[in-house]
Amino acid sequence: MSEFDTNIPTTFDPFAEANAEDSGAGTKEYVHVRVQQRNGRKSLTTVQGLKKEYSYTKILKDLKKEFCCNGTVVQDPELGQVIQLQGDQRKNVSTFLVQAGIVKKENIKIHGF
């Protein structure tokens, strides 16, 4: 085997950035808003890092009604609860969270493309 066989990149992990940043102290207060490419022009927006005391289902209900898209709350063993929305809703979600008073603007990190 040559050295080139061992350096083959694996699939893209959109959460790798956040996992690397979580090692430092004080990074838990960030809310990460990401976009994941599905097939073709379809995309998926994920919201991770909201505080546990918030009702994820009520936030999701308001987001779906506001942006006319479908969504769900997914329970991940490593990341906890993650909100998923159809389409590229990164800017919409970040402005909604700031206007609703859920998160401050400086505590939102937008990832993707």
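Note that the structure is predicted; figures quoted are calculated from it, not measured.
Residues L50 and V103 form a side-chain contact, since some pair of their non-hydrogen atoms from C-beta on lies under 4.5 Å apart.
Proximity of a side-chain donor or acceptor of Y54 to a complementary backbone N or O of I102 within less than 3.5 Å is detected. Of the possible donor and acceptor atoms, none in the side chain of Y30 sits under 3.5 Å from a partner among the backbone N and O of E106. Without hydrogens or angle criteria, Q37 side chain to G40 main chain gives a donor-acceptor distance under 3.5 Å. The closest donor-acceptor contact from the side chain of S43 to the backbone of Q36 lies at 3.5 Å or more, if one exists at all.
Salt bridge annotation for D88-R90: present, with a cationic side-chain nitrogen under 4.0 angstrom from a carboxylate oxygen.
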For this session: For the pair T46 and V33, evaluate side-chain contact (heavy atoms from CB on, under 4.5 Å) and give the outcome as yes or no after the intermediate values.
Result: CA-CA 6 Å; T46 60; V33 181; over 6 Å; no

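A distance of 11.5 Å separates CD1 in I110 from CZ in R34, rounded to the nearest 0.5 Å. A distance of 4.5 Å separates CG in D62 from CZ in F96, rounded to the nearest 0.5 Å. Here NZ of K64 is found 9.5 Å from CD of Q86. Values are rounded to the nearest 0.5 Å. Going from atom CG of L97 over to atom NZ of K105 covers 13.0 Å, rounded to the nearest 0.5 Å.
The side chain to side chain donor-acceptor pair (under 3.5 Å) test applied to T57 returns S55, not counting sequence neighbours. The side chain to side chain donor-acceptor pair (under 3.5 Å) check on Q81 picks up nothing, with sequence neighbours excluded.
Minimum heavy-atom separation, T45 to Q89: OG1-N, 2.9 Å.
Taken together through direct or relayed side-chain contacts under 4.5 Å among Ile, Leu, Val, Met, Phe, Trp and Tyr, V35 and L44 form parts of separate hydrophobic clusters. Taking hydrophobic clusters as Ile, Leu, Val, Met, Phe, Trp and Tyr residues chained together by side-chain heavy-atom distances below 4.5 Å, L85 shares a cluster with V98.
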Between side-chain atoms of residues 67-76 and protein atoms elsewhere (two or more places apart, or another chain), which donor-acceptor pairs fall under 3.5 Å?
residue : atom : partner : partner atom : Å
D76     : OD2  : E78     : N            : 3.0
D76     : OD2  : L79     : N            : 3.0

